[in-house]
Amino acid sequence: MKHMTKRKPGRLFFANPGPTNIPDSVLRAMNQATVDFMADDFLDVYDAAIAGLKRLLFTAGEVFIYTASGHGAWEATLQNLFCSGDRILMPDCGYFSRTWGAMAKNLDLAVEMPETDWRRGPDIAAIADRLAADKSHAIKAVCIVHNETSTGVSLPLPEIRAAIDAANHPALFLVDSISSFGSLEFRMADWGIDAVVGGSQKGLMLPAGLAFTAVGEKALQAHGRATLPRFYFDWTKMRARRHRSFTGTVPIAPFYGMREAVRLIEAEGIEQVWRRHHRLAEATRRAVSVWSGNEGVAFFCADPKRRSDSVTAVKMPDGHDAEAVRAIAYDRFNVSLGSGLDPLGGKVFRIGHMGDLNEPMLLGTLGVVEMSLRLADIPHASGGVDSAIDYLATA
Ligand SMILES: *Cc1c(COP(=O)(O)O)cnc(C)c1O
């Protein structure tokens, strides 16, 4: 007989740092019977969704959308911008930058991945020095994960742009904003970002399955010279189509959802969305600060200025398994926390605070984290939730 999962009453609190909670109105918007993706009715929805996406990215560039998760957009972006053997600089800051680098190597790029302290992220002066030393301009791009979802470290993109400019280096500035877009301040044009990779299932509050690259003029020129093999993800082919994206069938439902998600974000105001994330992140940090007493759990991100507003990675004391906390939170209390990824497996759990989230949802999650720490006998100091309440009630 098939094992029956015990019913868990109430709502699943989804506190993973992606995918994220999908607002009810977005779910309803996606409940859409098949329509012709070349019909005007759909094209209106599509155009509105894309125009909204560009407004939220603060770009007037082109957007290429793929039926894929973020990994597909990574691959598409590399294939469309580079030639075999091209050199790129991609600091190794965590699971995601490391994986993107491995993908680039597999696509036959010469990938420079300076090691960094994953608890701090790269030293921007070191990036500037490396670019200044590259007199022949062999480095074609600086690739940065804005918000390392595996470590909870976010990087100051304007400072990295300034480092590229200070070295007077023509490298493209390529950014993964998959877990920052729609949560952290992000301004593609003002920050001189040439191409940005994003996904649907994090700050954009949609299911996984759509990913995109927004591309500025300089990156489009690089595309004109790029010779890596590609087919399904070929921007040139996409640009010839009415949607200026896709090679095959256009998935329609996600665009009804995207138009609605953009409407929700703009009704709140994108800058208010960023402030809300900061506030909820700060409440989370207040709780973790308290829990870190008694030589207990700690922030994985050791640099307070770089602690992410969309995810907090909580480091376990030596000899304790983060999976024990996650299991109690999920099995007993119906709260889904993020696991540690690859080398951080068992060493951290992650609290996602991105997307469609408010104070009671966050406090519910923090309350369950504190209970789970207690039940799993993990060293910590109690009172983290009180501290989060104090902050939220007064800030
Ligand atoms: C989630 C994420 C990805 C991968 O996206 P998938 O949609 O899971 O393929 C890449 N980069 C970052 C920073 C992410 O948070």
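In each ligand, atom 1 is the first atom listed, and ligand 1 is the first ligand listed.
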Distance-only side-chain donor-acceptor flag, Ser154 / Glu148, under 3.5 Å: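 No.
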Smallest separation among heavy atoms of Ala329 and Leu337, with atom names: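 It is CB-CD1, 3.8 Å.
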Asn147 and its side-chain hydrogen bond (donor to acceptor under 3.5 Å, both in side chains) partner, picked from Ser177, Ser308, Ser183: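 Option passing the side-chain hydrogen bond (donor to acceptor under 3.5 Å, both in side chains) with Asn147: Ser308.
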Ser179: numbered ligand 1 atoms lying under 4.0 Å from its heavy atoms: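 Reading through ligand 1 atom by atom, the close ones are 13 (C), 15 (O).
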Atom 3 (C) of ligand 1 - nearest protein heavy atom and its distance: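 Closest protein heavy atom to atom 3 (C) of ligand 1: Phe96 CE2, 3.4 Å.
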Interfacing atoms of ligand 1 (cut-off 4.0 Å, heavy-atom, Ile178):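 So the atoms of ligand 1 that pass are 1 (C), 2 (C), 3 (C), 10 (C), 11 (N), 12 (C), 14 (C).
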Polar contact flag for Trp74 and ligand 1 (N/O pairs, less than 3.5 Å):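 No: no nitrogen or oxygen of Trp74 is under 3.5 Å from one in ligand 1.
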Proximal atoms of ligand 1 relative to Val145 (non-hydrogen, under 4.0 Å):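 So the atoms of ligand 1 that pass are 13 (C).
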Which residue and heavy atom of the protein sit nearest atom 11 (N) of ligand 1, plus the separation: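 It is Asp176 OD2, 2.7 Å.
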Flag for Thr312-Thr284: side-chain donor and acceptor within less than 3.5 Å: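 Absent: no donor and acceptor within the cut-off.
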Ionic contact status for Glu370 with Arg374, cut-off 4.0 Å: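 Salt bridge absent between Arg374 and Glu370.
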Enumerated ligand 1 atoms positioned under 4.0 Å from heavy atoms of Gly70: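 Near Gly70, meaning under 4.0 Å from one of its heavy atoms, ligand 1 has 5 (O), 6 (P), 7 (O), 9 (O).
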Cation-pi geometry met for Lys237 and Tyr232 (6.0 Å, 45°):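 Lys237 over Tyr232 ring: no.
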Lys202 to ligand 1, any heavy atom closer than 4.0 Å: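 Lys202: in contact with ligand 1 (<4.0 Å).
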Sub-4.0 Å atoms of ligand 1 with respect to non-hydrogen atoms of Ser69: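 The list of qualifying atoms is 6 (P), 7 (O), 9 (O).
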Residue that, paired with Asp47, satisfies side-chain hydrogen bond (donor to acceptor under 3.5 Å, both in side chains) out of Arg242, His243, Arg259: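 Answer to the side-chain hydrogen bond (donor to acceptor under 3.5 Å, both in side chains) test with Asp47 among Arg242, His243, Arg259: Arg242.
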Heteroatom distance test (Thr149, ligand 1): nitrogen or oxygen, under 3.5 angstrom: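 Right, the criterion is met.
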Cation-pi, Phe96 ring and Lys202 (6.0 angstrom, 45 degrees):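 Because its charged atom sits under 6.0 Å from the ring centre and within 45° of the axis, Lys202 does stack over Phe96.
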Sub-4.0 Å heavy-atom approach of Gln201 to ligand 1: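 Judged by the 4.0 Å heavy-atom criterion, Gln201 does count as contacting ligand 1.
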For Asn147, the ligand 1 atoms whose distance to one of its heavy atoms is below 4.0 Å: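 Listed by number with element: 13 (C).
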